[in-house]
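Because only heavy atoms are used, hydrogens play no part in the values below, and waters and symmetry mates are left out as well, while side chains stay in. Every value quoted in this text rests on a predicted model; they were computed, and no experiment measured them.
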Amino acid sequence: MSQNTGASYAAAGVDIEAGDRAVELMKEWVKKTRRPEVLGGLGGFAGLFDASALKKYERPLLASATDGVGTKVDIARQLGVYDTIGHDLVAMVMDDIVVCGAEPLFMTDYICVGKVHPERVAAVVKGIAEGCVLAGCALVGGETAEHPGLLGPDDFDVAGAGTGVVEADRLLGADRIRSGDAVIAMASSGLHSNGYSLVRHVLLERAGLSLEARIDELGRTLGEELLEPTKIYSLDCLALIHTTEVHAFSHVTGGGLAANLARVIPDGLHATVDRSTWTPAPVFDLVGMTGAVERLELEKTLNMGVGMIAIVPQESVDVALTTLADRGVDAWVAGEITERGDHTTGAALVGDYAS
């Protein structure tokens, strides 16, 4: 007669020891993000941040945001590259927070995997930690969850949440924008982390391109291009706020440039962005031409070369452009704010892209 073996967590596919090893491997990277306000270390049930640091504010407003990286994680999975996707996560969260003028304070992450491979999880956290350093925030904690049976052994997803702070009377947004303001565009580092369902459908599924294939117009392999980390603008935006007058920012993510810019344009005003002021990177043409994607559809889905917008008064333009140039950010005046006509929307792109 055969003996039945008792059920166990390990038999169900969850490896607690591997999870513990992943935590040990990631500790050194999390330490690099530490700010003076952070209390305790990794491994507690909650991350601690000393709120007494907010006493210097007259009326501190906490800003929070949460996001993920979308289907870009599948490119990382296919290529076996795990240490860049964290930059994307931090950018998606913290660049949303800085839009209102808030200083990023701290972030937590959530990594969900089909099977814990400690080195892979640690590589993801390494990227998140590096991104937090670039954003000026602390990584105070997170969670790694193993979901066998729901995800394949190599499948994973990442998400995160962040918190920032801004003085109430320095809150940026639509109410500050005036007719005559300049629209300053900051170049993206590529596709960033939006529109990858379209990109994967066009380039990988329909065209059958290999991620390892070198694409001449890109100057590198397709996989290297698609995994280019999202530019993190948080400290650049804060530098602008500290050196000159800024009325608003707009983080160009899902929905494209015009739709995201329209989110900060008040009733009665209109933002016009001139396409002729920049040339989108070759990857945008590659997606458009390979998939016969109409320009309007591309612009509704991808950033088309602009990752962040700053709206500033005309007298601040020179200082703003100099500040960004000094920080290595490619930026230019791309448009202006005008009175709204009867048949205009909040923001629109005009003209043709420079060749």
Side-chain angles (χ1 to χ4, degrees), residues 67-93 95 111-113 117 120-121 123-128 130-131 134 151-152 154-160 186-233 251-257 260 278-295 297-308 330 353:
D67 210 338
V69 179
T71 60
K72 188 172 183 176
V73 297
D74 191 55
I75 306 297
R77 180 193 62 79
Q78 290 187 58
L79 290 172
V81 176
Y82 302 96
D83 62 351
T84 64
I85 209 77
H87 286 238
D88 301 287
L89 180 63
V90 176
M92 292 298 100
V93 174
D95 284 347
I111 304 171
C112 183
V113 300
H117 300 280
R120 294 182 189 177
V121 173
V124 174
V125 174
K126 170 180 178 286
I128 297 172
E130 290 173 338
L134 293 174
L151 297 176
D154 293 325
D155 293 337
F156 76 104
D157 200 5
V158 296
M186 300 180 217
S188 67
S189 56
L191 295 170
H192 285 186
S193 297
N194 302 105
Y196 271 73
S197 293
L198 173 65
V199 171
R200 290 168 50 252
H201 174 67
V202 167
L203 300 182
L204 305 183
E205 297 172 11
R206 289 183 54 178
L209 298 178
S210 168
L211 291 172
E212 288 79 17
R214 180 176 175 82
I215 308 296
D216 289 340
E217 51 264 52
L218 301 179
R220 54 181 171 175
T221 67
L222 179 60
E224 289 170 335
E225 179 69 37
L226 297 188
L227 275 191
E228 178 67 35
T230 303
K231 168 73 175 171
I232 298 174
Y233 301 94
H251 186 198
V252 182
T253 56
L257 197 163
N260 281 285
W278 82 97
T279 303
V283 67
F284 299 101
D285 278 341
L286 179 66
V287 175
M289 295 179 66
T290 302
V293 184
E294 295 183 357
R295 185 169 72 179
E297 184 65 23
L298 280 178
E299 292 177 341
K300 288 195 306 181
T301 310
L302 307 177
N303 66 62
M304 300 306 291
V306 177
M308 181 71 78
D330 183 14
Y353 293 110

Less than 4.5 Å apart, any side-chain heavy atom of [X] and any of [Y]?
X    : Y    : value
L134 : V90  : no
E217 : M289 : no
N260 : H251 : no
K72  : H192 : no

Salt bridge (charged side-chain N to carboxylate O under 4.0 Å, His left out) filter on D285, not counting sequence neighbours, yields none
Measuring from [X]:[atom1] to [Y]:[atom2], what's the distance to the nearest 0.5 Å?
X    : Y    : atom1 : atom2 : value
L302 : L191 : CG    : CG    : 6.0 Å
E294 : E299 : CD    : CD    : 11.5 Å
L211 : L79  : CG    : CG    : 4.5 Å
I215 : L203 : CD1   : CG    : 8.0 Å
D83  : L227 : CG    : CG    : 9.5 Å
L298 : L198 : CG    : CG    : 7.0 Å

Can a donor-acceptor pair be found, under 3.5 Å and without considering hydrogens, that links the side chain of [X] to the backbone of [Y]?
X    : Y    : result
S189 : K231 : yes
R214 : G219 : yes
D95  : Y233 : yes
T84  : P229 : no
Y196 : L226 : yes
D67  : L89  : no
E224 : T221 : yes
W278 : A187 : no

Please assess L151 against V113 for the test side chain to side chain contact (heavy atoms under 4.5 Å, CB included), listing each intermediate value before the final yes or no. CA-CA 7 Å; L151 297 176; V113 300; 5.6 Å; no
Does anything in residues 202-211 pair up under side chain to side chain donor-acceptor pair (under 3.5 Å), and if so which pairs, sequence neighbours excluded? H201-E205, S210-E212
Test log, rule side chain to side chain contact (heavy atoms under 4.5 Å, CB included), inputs N194 and N303: CA-CA 8 Å; N194 302 105; N303 66 62; 6.0 Å; no
Answer yes when D154 and R120 have at least one side-chain N-carboxylate O distance shorter than 4.0 Å, and no when they do not. yes
Least distance between heavy atoms, [X] atom then [Y] atom:
X    : Y    : value
T290 : A207 : CG2-CB, 3.5 Å
A91  : T230 : CB-CG2, 3.5 Å
F284 : G190 : CZ-O, 3.5 Å
T301 : E297 : OG1-O, 2.8 Å

Step by step, work out the side chain to side chain contact (heavy atoms under 4.5 Å, CB included) result for Q78 and L204. CA-CA 12 Å; Q78 290 187 58; L204 305 183; 4.2 Å; yes
Non-neighbouring partners of Y82 that pass ring pair (Phe, Tyr, Trp, His ring centres under 6.0 Å), sequence neighbours left out: F156
Would you check, one step at a time, whether the test side chain to side chain contact (heavy atoms under 4.5 Å, CB included) holds for L257 with M304? CA-CA 8 Å; L257 197 163; M304 300 306 291; 6.0 Å; no
